[in-house]
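Here the structure comes first, spelled out in structure tokens, and everything after it is commentary.
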Amino acid sequence: MENVMKYICLLLCFSPVFAEIICDYQTQYKKNGKCCKMCEPGTRMVPSDCLNPVCTPCGNNEYMDSYNNETSCNRQPYCDKNLNFNMSQSPSPTKYRPCMCKTGYHCSSEQCFSCLEHTTCKPGEGVVIQGSATADVVCGLCQLGTFSNQTSAVDVCRPWTNCPPGFYENVPGTNISDRVCENGRGRYFAIAIVVITIILAAVCFIIYILKDKIKRLLLCNQKKPQLGNLLDQTEPKMKAEENEYNQDHLTENNNPLAQEEGKGEHLPMLDTNLV
Ligand SMILES: *[C@@H]1O[C@H](CO)[C@@H](O)[C@H](O)[C@H]1NC(C)=O
Ligand SMILES: *[C@@H]1O[C@H](CO)[C@@H](O)[C@H](O)[C@H]1NC(C)=O
Ligand SMILES: *[C@@H]1O[C@H](CO)[C@@H](O)[C@H](O)[C@H]1NC(C)=O
């Protein structure tokens, strides 16, 4: 197809019938029946020779985006800082540079006469579609299992922390807070304390219920050795006392003296107590 077109073109161009010249429409223009050269993009033309034109570069904040024979360059649009446009964009002399909103701002309208700050998503909401220089942020509620704890124009809802092995969920996550994991040891310690407390309580309760039985049991156990001890101890004691008594109270003829008051009653008392 292209070849056919070229053939037709060649026929037309060189046929004596169609004598009119055809210039390269991109880099040439026709003047007085001749093909003249145009200036390159980024430059403008100083009126001069058709075949060897004088071209000069465009000035600051000017541009020419195509081959041309213009005597002045186009001006880049002025981007007002007070309208929240990005001032640091360096303009190119070969390209039209539209004003761009600075980071965190978007065009107020399709024509972009000024820029507005991006919407911020509240805690419990996250960015669903990130904002651009031309479109605002889109917020969405944090789905179950995700959270956002801050007001932000860039943060998405983050998933709750997965408790690693050996850890367990101590505080569940919400739409505004992360799940809190705790080391398993803490839990075992807590369980151990509870179990020990319950056991101690049970033991106290049992002791309370059976306190009379236990008392009796203890008393019985104590009485037997006490009896034995007392007998063991009192027998020689009694004998010793008897001897003493005998020695003290025997007359020269070895006849016992009359018992003193109190002492006589002491010994039988001991016997009745023990039985
Ligand atoms: C510039 O080029 C256009 C065609 O692209 C032509 O019509 C016009 O006359 C030219 N101007 C000058 C000053 O040569
Ligand atoms: C301005 O635009 C340039 C690139 O064009 C970018 O690198 C820079 O971060 C922007 N600055 C602001 C404040 O938006
Ligand atoms: C977060 O969850 C609570 C309770 O489920 C709900 O009342 C609240 O509206 C949620 N927050 C947002 C920003 O949706």
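What's counted below: heavy atoms across the whole structure, side chains too, no hydrogens, waters or symmetry copies. Just so you know, ligand 1 is whichever comes first in the structure, and atom 1 is the first atom listed for that ligand. On a predicted model such as this, the values are computed, not experimentally measured, just so you know.
The contact set between ligand 2 and Asn86, taken as ligand atoms under 4.0 Å from a residue heavy atom, comprises 1 (C), 2 (O), 3 (C), 8 (C), 10 (C), 11 (N), 12 (C), 14 (O). Counting atoms of ligand 2 from 1 in the listed order, those under 4.0 Å from a heavy atom of Ser88 are 1 (C), 10 (C), 11 (N). Taking every heavy atom of Lys102 and a limit of under 4.0 angstrom, the matching atoms of ligand 2 come to 13 (C), 14 (O). Close approach of ligand 2 to Gln89 is summarised as follows: ligand atoms under 4.0 Å from at least one heavy atom of the residue are 2 (O), 5 (O).
Taken together, the cysteine pair Cys79 and Cys99 places its SG atoms within less than 2.5 Å of each other. When the SG-SG distance for Cys101 and Cys107 is compared with the 2.5 Å cut-off, it comes out at or above that value.
Side-chain N/O atoms of Ser66 and Asn68 include no donor and acceptor closer than 3.5 Å. Judged by distance alone, the side chains of Asp136 and Thr119 do bring a donor and an acceptor atom under 3.5 Å apart. Side-chain atoms of Thr94 and Asp65 form no donor-acceptor pair, as typed in the model, at a separation below 3.5 Å.
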What are the distances between nitrogen or oxygen atoms of ligand 3 and protein nitrogen or oxygen atoms, counting only those under 3.5 Å?
{"unit_1": "ligand 3", "atom_1": "2 (O)", "unit_2": "Asn175", "atom_2": "OD1", "d": "3.4"}
{"unit_1": "ligand 3", "atom_1": "2 (O)", "unit_2": "Asn175", "atom_2": "ND2", "d": "2.3"}
{"unit_1": "ligand 3", "atom_1": "11 (N)", "unit_2": "Asn175", "atom_2": "ND2", "d": "2.9"}

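Pairs passing the ring pair (Phe, Tyr, Trp, His ring centres under 6.0 Å) check and including a residue from residues 51-80, sequence neighbours excluded, read Tyr63-Tyr96.
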Donor-acceptor contacts under 3.5 Å from residues 123-131 side chains, at least two apart:
{"unit_1": "Gln130", "atom_1": "NE2", "unit_2": "Val154", "atom_2": "O", "d": "3.0"}

Atom pairs and distances, donor-acceptor, side-chain atoms in residues 32-46, under 3.5 Å, two or more places apart:
{"unit_1": "Thr43", "atom_1": "OG1", "unit_2": "Glu40", "atom_2": "N", "d": "3.3"}
{"unit_1": "Thr43", "atom_1": "OG1", "unit_2": "Glu40", "atom_2": "O", "d": "2.6"}
{"unit_1": "Arg44", "atom_1": "NH1", "unit_2": "Thr71", "atom_2": "O", "d": "2.9"}

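Inclusion of Thr103 in the set of residues having an N or O under 3.5 Å from an N or O of ligand 2 is warranted.
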